[in-house]
Undergrad: 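Take this structure, written in C-alpha cells, and hold onto it; I'll ask about it next.
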Number of protein chains: 2
Amino acid sequence: MLIKDRIKDAAGILTPSERKLAAAILSDYPYAGLVSIQDLAKHAEVSPPSISRFVTKIGLAGYQEFQRDLIAELKEGQRSPVDLHMENRPIEGGFLSDFIQRTTRQMAVSSAAITEDQFARICTLLATPKSEVHVIGGRVSDSIAFLLSFHLRQMRQGVYHLPANNEAWPEYLLRMKQGDLLFVVDFRRYQPNLLGLCQTAHDKGAKIILMTDKWLSPIAKYAAEVLPVPIESGTLWDTYAPALAVIEALVTKIAEDNFDQTRARIKAWDALRLTDQDVPS
Amino acid sequence: MLIKDRIKDAAGILTPSERKLAAAILSDYPYAGLVSIQDLAKHAEVSPPSISRFVTKIGLAGYQEFQRDLIAELKEGQRSPVDLHMENRPIEGGFLSDFIQRTTRQMAVSSAAITEDQFARICTLLATPKSEVHVIGGRVSDSIAFLLSFHLRQMRQGVYHLPANNEAWPEYLLRMKQGDLLFVVDFRRYQPNLLGLCQTAHDKGAKIILMTDKWLSPIAKYAAEVLPVPIESGTLWDTYAPALAVIEALVTKIAEDNFDQTRARIKAWDALRLTDQDVPS
DNA sequence: TATTGACTGAAAAATTATTTCCAATCATGC
DNA sequence: GCATGATTGGAAATAATTTTTCAGTCAATA
C-alpha cells in the first residue's frame, strides 16, 4: 500500500500534531519525507518523537522503513505511468476531490471560450504604458480584480484600483482620458452602479475590458473586449477559480513580455518596502 | 552538477573497486544510491570505506550529502513530468490554454494533498456556531481570504475579517476567546506580522487554521490544522487558483451542510441590502 | 626477489539518527 | 471546578550509520 494511502486511512485516528505532520508530508509528497527525521520535524513544526509515533501508527516498523518505502514508491512510480494516470482520476469521490474536478473542468471551458488572439490583444492593451489602467470588480469579484491591479502595479505605472465606494469614483473618472483602460469584473447579480460607471467612462473615451460570465453583464454594451469565463461550479455557489486563472494568465503573460522592466520595478519596489517593514523578526 | 556527471568526470582517477561502485550506482541511477552505505557496499561488492572514499573523491562532503543530492536531483528532474512535458510544446495550445492546463494540474495536486477527512474536519470547525471566526491573509493572499470570510458571513454570524493594518488588530485579539478560530492564509514571502498575530491568538486559546504552500509558513507551529495547497504555476509567478478552489470547496460544503440556515440568512441579508442600494437602475 | 606505494576491508571510533521514557500540558468529561 | 486520560516535546538511551584508522595484500619496479 502506498504511504499516501496509509496516511489517508489513518486520518481518522491522528492527533493534531500528527495531522500537521501528515499535511507536511503530503504537501510535497514524497520528497518531504526523504529527509532525516530531525529535518522533517523542523519543517513540520513537530518533534521527532511525534514522527516516530506517527510512522508506527500508520503501520510501519519505523522511520527507516518509512523512507525505504517512499523510495520504493518513487522507483515504482516512475516505471509505470499507467498507475500514475489512474491516480489522477480518483473515483472514490470525496467532496473535495469532486469539487476540484468540477472546477477543473470549468477551467478548461474558459480556455476554450477565450481565443488566444483575444488574450494576446488584451495583454497588449494592458501593457501599453501610455494608457492608464483602472480596475474594479463587483462586491465579491473585486477581490479577484484586486489581484490583477496588484500585480499590474508591480509591472507598470498608472494602475489604479477604484474603491468600492462610488462616492470616490468621480476623482478617478476625472482623471480618465481618451484611450485609458477600465478593466471591470462583473459576475451575475450585476451591480447597477458599475454599469453607470462604465457608461461614464465609455463616454469619456476609455476602453472597457469586461470579464463576465456567460449571461453577459449589461456592461458588455460598452465594452471593447469581453472576456467570458465560466462561473458555474455545478453547486449552489459560483466559482471564481477559472476567472482567477485567466487573470493570472494575463498577468504572467504581460510580465514575461516585459520582463526586464518588471524585474527592475519589483526590485525598486522591494527596496522601498523594506524601509517601513512592520515587525522584523 | 549532477552526481552522474561528477562520477563520469572522475572516471579517470578511480581505483578498481571504485569503478565497480560507480557501475553499481549508475546501473540503477539514482535509486541504487538511495540505500544505506552498507547495503550499497554489499550490492556493489565493495566495502563501506571504499564508498566513503569514493564520495569524497567526487567532491562531496560525505555519504549523506551524496544522498541528499541524489534526492534533490530526483525532485528537480521529476518535478515536472508534467511541466517539462509542457515546456516541450508551449506553443501548441497557446499561452492561455497552456497556463490553464498547468493550473489545472496544480489543482489536482491540492486535492491529493488534503485528505477528505481533514477537509471535513475544517468544515465542521468553521461551521461551529459558538466559535467565532477571524480571517486574514497576507498582502496578496488576503483577497483570497476575503472570499472565505465574505461567504462565511452569509452563512453564520460571528465572522470577522481582520484588516491588513495591524494597528487595529488588538481590538480583534481582545475579542478572541478560547475555542475561537483564526483562519490564516500565508504564502511564501511570509509576513512576520502575521506570525506575531498568530502567536498571540494561539496564546489566547484560539485555534489556528493555516492555509499555506508546501514550504510551510512558520505559522505552522501554532496551527491546529494546516491546509497545504500548491502555488507553483511553473512560471515566474505563483498561482492562487488552487487555493481559491479549496476555499470555495470549503464554503460550498459548509453551505450545503447548513442549507436551511444559510438560505434564511441570505434572504434576510438581501432584504436589508435592498434598503440602502446605491443606484437603482 | 625485495621494496615501495597504492589499495582494500576489518575493526574501532565518531557521528548521527531514532526511539523510549517521562514529566508537563492540554483537552475532556463528570 | 476537578479529575482523568490523551498528547506532546525534551532528554536520555539506544541503535544505526558513517568515517577513520590501520594492518594486510597486491602489483609494479628495480
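Worth saying up front: this structure is predicted, and the values here are computed from it rather than measured. In what follows, chains carry the letters A, B, and so on, assigned in the order in which the sequence lines appear, proteins first and then strands, with residues in each chain numbered from 1.
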Undergrad: Within this structure, what is the CZ-to-C1' distance between F54(B) and dT20(D), rounded to whole angstrom?
TA: 19 Å
Undergrad: Going by ring-ring contact (aromatic ring centres under 6.0 Å, His included), name the pairs with one or both residues in residues 168-198 of chain B, residues two or more places apart or in two chains.
TA: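 Every ring-ring contact (aromatic ring centres under 6.0 Å, His included) pair that includes a residue of residues 168-198 of chain B, provided the two are not neighbours, is F187(B)-Y240(B).
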Undergrad: Figure out the CD/P separation between E45(A) and dG9(D), and round it to whole Å.
TA: 10 Å
Undergrad: Given 3.5 Å as the limit, does a donor-acceptor pair link the side chain of S141(B) with the main chain of I144(B), or not?
TA: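 Here the side-chain-to-backbone pair does not exist.
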Undergrad: Which whole-number value in Å describes the distance from D39(B) CG to dA16(D) P?
TA: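 So the CG-P distance, D39(B) to dA16(D), works out to 12 Å.
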Undergrad: Using a cut-off of strictly less than 4.0 Å between a heavy atom of the residue and any atom of DNA chain D, enumerate the qualifying residues of residues 14-24 of chain A by number.
TA: T15(A), P16(A), S17(A)
Undergrad: In terms of heavy-atom contacts, does NZ of K177(B) have more than 12 from other residues, nucleotides or ligands at under 6.0 Å?
TA: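 Yes - once you tally the heavy atoms of other residues, nucleotides and ligands closer than 6.0 Å, there are more than 12.
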Undergrad: Around atom NZ of K214(B), are there more than 12 heavy atoms of other residues, nucleotides or ligands at under 6.0 Å?
TA: yes
Undergrad: What is the distance, to the nearest angstrom, from the NZ atom on K221(B) to the P atom on dT8(D)?
TA: 17 Å
Undergrad: Return yes when atom NZ of K57(A) has more than 12 non-hydrogen atoms of other residues, nucleotides or ligands closer than 6.0 Å, and no otherwise.
TA: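 Enclosed: over 12 neighbouring heavy atoms sit under 6.0 Å from NZ of K57(A).
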Undergrad: When every nucleotide of nucleotides 19-30 of chain C is labelled 5' to 3' by its protein contacts under 4.0 Å (heavy atoms), B for base, S for sugar-phosphate only, - for none, what sequence of letters results?
TA: BBB-----S---
Undergrad: Atom CD1 of I13(B) and atom P of dC7(C): how far apart are they, to the nearest Å?
TA: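 Between P of dC7(C) and CD1 of I13(B): 10 Å.
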Undergrad: Pair Y160(B), E171(B) - check side chain to side chain donor-acceptor pair (under 3.5 Å), show working.
TA: CA-CA 11 Å; Y160(B) 307 96; E171(B) 182 192 335; over 6 Å; no
Undergrad: Expressed as a whole number of angstroms, how long is the span from Y222(B):OH to dG9(D):P?
TA: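 The answer, rounded to whole Å, is 13 Å.
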Undergrad: Among residues at least two apart in sequence or on other chains, which ones pass ring-ring contact (aromatic ring centres under 6.0 Å, His included) with F150(B)?
TA: F146(B)
Undergrad: Phosphate oxygens OP1/OP2 of dG9(D): is one of them under 4.0 Å from a side-chain N or O of S50(A)?
TA: yes
Undergrad: Under the ring-ring contact (aromatic ring centres under 6.0 Å, His included) rule, what pairs show up with a residue in residues 33-63 of chain A, not counting sequence neighbours?
TA: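 The answer is Y63(A)-F66(A).
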Undergrad: Filter on ring-ring contact (aromatic ring centres under 6.0 Å, His included), then keep only pairs touching residues 191-210 of chain B, sequence neighbours left out; what's left?
TA: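 For residues 191-210 of chain B, and leaving out neighbouring residues, the ring-ring contact (aromatic ring centres under 6.0 Å, His included) pairs sorted by first residue read H202(B)-Y222(B).
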Undergrad: Measure the distance from CD on Q38(A) to C1' on dT15(C) and round it to the nearest whole Å.
TA: 12 Å
Undergrad: Whole angstroms only, please: what is the CG-P distance between L60(B) and dT18(D)?
TA: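 It works out to 14 Å between those atoms.
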